[in-house]
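For clarity, every value in this text was computed on a predicted model and none was experimentally measured.
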Amino acid sequence: MKFEHLQGSIVAMVTPFHEDGSVNFDVLTQLLERQIAEGTDAILTLGTTGEYSTMSHEEDAAVVEHTIRVVDGRVPVMVGSGSNCTATQIEKSIEYQNMGADALLLIAPYYNKANPEGMYRHFAETADKVNVPCILYNVPGRTGCSIPVSVVEKLSAHPNIAGIKEASGDMSYAMKIAHCVGPDFALYSGNDDITVPLMSIGGSGVISVYANVMPAMCHQIVADFLGGNQAQALANHLKYLRLMNGLFLEVNPIPVKTAMNFMGLNVGPMRLPLCEMGAEHAAVLKATMKEAGLL
């Protein structure tokens, strides 16, 4: 399936594990079917929420293969192929493209960081080597560095760079991006709590953690806003804002996997260094879920 300036709710999938830590492909199938049935517009696998940073390359590839096979072209599949090593990012990007990925998510080079020219080359040289759309991923809270606005503007002219997942939570930064790029460059919210505000400055939707627990509502909020019913989109966004924030009481994906287990979706544990949610936060999350009608 071709990824053409996609608008909507893109779920940042969790990776379900068995109690021994191995990938639970049976539950992954169930989760993918649930997302498609409830109207999710696209699937992201191997994002931050998917715990790819604690998975082996072989496990990553197995999850990508399984996801693409189960989805079977019903919605686009975006794959996180990013690395702080540009050569590794290129290798993974080519591999996932050849496996059938419709788009790639490329993260800023964490830990080693980069100056603006190095940052530009990290993305541009990867995009040069593939033929599917690449989405930049700006998440300075994770990477320790932000993609400079000037670099985003330069990269937006690359024919294979189609947009950015903006997960800094900084609306001033997002507005600068919206101001300097063209209409064919998609701006996706990487923070559920500001999805509607980001769409108000031209955003195309959200790459969402919240969609793991309420996929139909996440889709509806975006669809209402983009369809012209901004008042209804805002009302629902505010209605479930406490839940969206509750999914970040601790570092992602600890709360969302905890929430999904509360719902009986059996996504299993996290991999160390992520571990079970603290009891006090878990109680708050459970109360917020009850308020939202999930429990």
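When the shell of 6.0 Å around NZ of Lys129 is examined, it contains more than 12 heavy atoms from other residues, nucleotides or ligands. Atom CZ of Arg121 has 12 or fewer neighbouring heavy atoms from other residues, nucleotides or ligands inside a 6.0 Å radius. Heavy atoms of other residues, nucleotides or ligands lying less than 6.0 angstrom from CZ of Arg242 number 12 at most.
Counting heavy atoms from C-beta on, the side chains of Met260 and Leu31 come closer than 4.5 Å. Residues Val79 and Leu105 fail the side-chain proximity criterion, which asks for heavy atoms closer than 4.5 Å. The shortest side-chain heavy-atom distance between Lys257 and Glu51 falls under the 4.5 Å cut-off. In this structure, Thr67 and Leu28 have side chains that are in contact, with non-hydrogen atoms separated by less than 4.5 Å. No side-chain heavy atom of Val64 sits less than 4.5 Å from a side-chain heavy atom of Glu95. Residues Gln230 and Leu234 have side chains not in contact (no heavy-atom distance under 4.5 Å, counting atoms from C-beta outward).
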Please list every donor-acceptor pair under 3.5 Å in which a side-chain atom of residues 276-285 meets a protein atom from a residue at least two apart or in another chain.
from, atom 1, to, atom 2, distance (Å)
His281, ND1, Glu250, OE2, 2.8

Please output the side-chain donor-acceptor pairs of residues 173-185 that fall under 3.5 Å, not counting sequence neighbours, one pair per line with the distance.
from, atom 1, to, atom 2, distance (Å)
Tyr173, OH, Ile147, O, 2.6

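For Thr48, the side-chain contact (heavy atoms from CB on, under 4.5 Å) partners are Tyr137, Arg142, Asn252, not counting sequence neighbours. The ring-ring contact (aromatic ring centres under 6.0 Å, His included) check on His66 picks up Phe25, with sequence neighbours excluded. Partners of Gln232 under the side-chain contact (heavy atoms from CB on, under 4.5 Å) rule, at least two apart in sequence or in another chain, are Asp224, Asn229, Ala235, Asn236. Take Lys165 and apply the salt bridge (charged side-chain N to carboxylate O under 4.0 Å, His left out) test, not counting sequence neighbours, and it matches no residue.
Atoms CG and NZ, on Leu106 and Lys92 in that order, are 12.0 Å from each other to the nearest 0.5 Å. For the atom pair CG of Leu243 and CG of Asp193, the computed distance is 12.0 Å after rounding to the nearest 0.5 Å. Here the straight-line distance linking atom CG of Asp128 with atom OG of Ser93 works out to 11.5 Å at 0.5 Å rounding.
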CA sep, side-chain torsions, deciding dist, call: Ser83, Gln89, side-chain hydrogen bond (donor to acceptor under 3.5 Å, both in side chains):
CA-CA 5 Å; Ser83 172; Gln89 178 169 272; over 6 Å; no
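Looking only at distances, no side-chain donor or acceptor of Asp26 sits under 3.5 Å from a matching main-chain atom of Asn24.
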